[in-house]
Amino acid sequence: MADLGSGGGYFLVAYALFLGGVAGYTIWLWTRLRQARGELERHRKSP
Amino acid sequence: MQDLFIRSAKIVGPLAAILLAYSLYCVYEVPREIQLGISQKIFYIHMGAIVPTYLGFILAAVGGIGFLVTRRDSWDRLAVSGAEIGIFFCSLLILVGMLWARPAWGVWWTWDLRLTATLILWFYYVAYLFLRAFAFGSDAARNLSAVMGIAGTLMIPFVYYSVQLAGLRTIHPPMPEMSAEMAHALNVNLVAYFVVFLYLLALRLDVGREEAALEELAV
């Protein structure tokens with residue numbers, strides 16, 4: 001593994017936070033969208 | 001118009017993923033800064049998050065004006081979506097800024113004008129989202145949040161120019177001089193984060209539209 005040198009830990013945490021944050025927020029929105037669409041579908045099938 | 005934008009997510013999503021991957025590659029390739037070493041590269045996330053933060057908050061104002069003028073729900077959804085995504089990027093901006101500050105300044109946080117003003121901006125829009133969450137979409141809450149969204153943008157120029165306003169009495173650096181490689185990496189990051197912002201906005205608007213349709217069925 002490449003030598004990150006001093007400050008490497010901060011760098012890795014910052015990128016993990018950023019990528020994890022974007023991925024987490026996207027997944028949360030996908031989940032909400034799927035739930036809303038699922039419920040709408042149920043309403044349409046049995047109003 | 002909004003429907004067309006929401007549909008564009010199918011193209012914008014993969015594009016955002018490709019650009020994000022390329023931005024990571026650029027950050028990996030760009031030479032390390034001599035004094036701060038690799039932790040200086042946090043700068044690229046920090047700078048990249050600024051534009052989506054301000055854009056999100058400006059959209060909260062645009063949506064607020066649109067809603068007050070037309071009373072159409074689509075404008076209100078645009079305002080809430082903008083504020084929510086703005087808060088998301090503003091949180092990242094502050095957190096990665098702290099991770100940059102610790103090795104650079106020796107402290108996680110200092111009550112510098114830029115930092116304090118950004119934190120106040122963050123609290124302001126958190127209050128905006130709390131108002132929306134606890135008022136259950138009442139008309140009064142939508143009117144008040146529209147006014148809050150419009151008023152909030154008045155803080156953005158102050159936050160942006162706070163380093164210049166503080167003169168030499170600030171620890172937060174202004175935009176540094178950059179080599180061509182650093183400037184390229186920064187530009188790629190700015191474009192990538194902007195496209196990520198567009199994708200998240202399209203997704204959030206879609207969520208708002210579907211949830212509004214569900215609420216109408218429930219009434």
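Lettering of chains follows the sequences in order, A, B, ..., and the numbering in each one begins at 1. For clarity, every value in this text was computed on a predicted model and none was experimentally measured.
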Intermediate values then yes/no, salt bridge (Lys or Arg N to Asp or Glu O under 4.0 Å), A:R37 and B:D206 = CA-CA 10 Å; A:R37 282 184 178 159; B:D206 202 3; 2.8 Å; yes
Does B:F67 have B:R71 sitting over its ring (NZ/CZ under 6.0 Å from centre, angle to axis within 45°)?
-> yes
Side chain, backbone, both or neither: which part of [X] has a heavy atom under 4.5 Å from chain A?
{"X": "B:L200", "result": "both"}
{"X": "B:V196", "result": "side chain"}
{"X": "B:I85", "result": "both"}

Going by atom types alone, do A:Y25 and B:E84 pair a side-chain donor with an acceptor below 3.5 Å?
-> yes
Sole candidate of B:W109, B:F43, B:W105 that passes ring-ring contact (aromatic ring centres under 6.0 Å, His included) when paired with B:W100 = B:W105
Stepwise, does the salt bridge (Lys or Arg N to Asp or Glu O under 4.0 Å) test hold for B:D73 with B:R209?
-> CA-CA 9 Å; B:D73 289 344; B:R209 188 181 60 177; over 6 Å; no
Answer key: most heavy-atom pairs under 4.5 Å with chain A among B:F89, B:Y199, B:Y193 is B:Y193
Flag the one option from B:G208, B:S39, B:S91 with the top tally of heavy-atom pairs under 4.5 Å to chain A.
-> B:S39
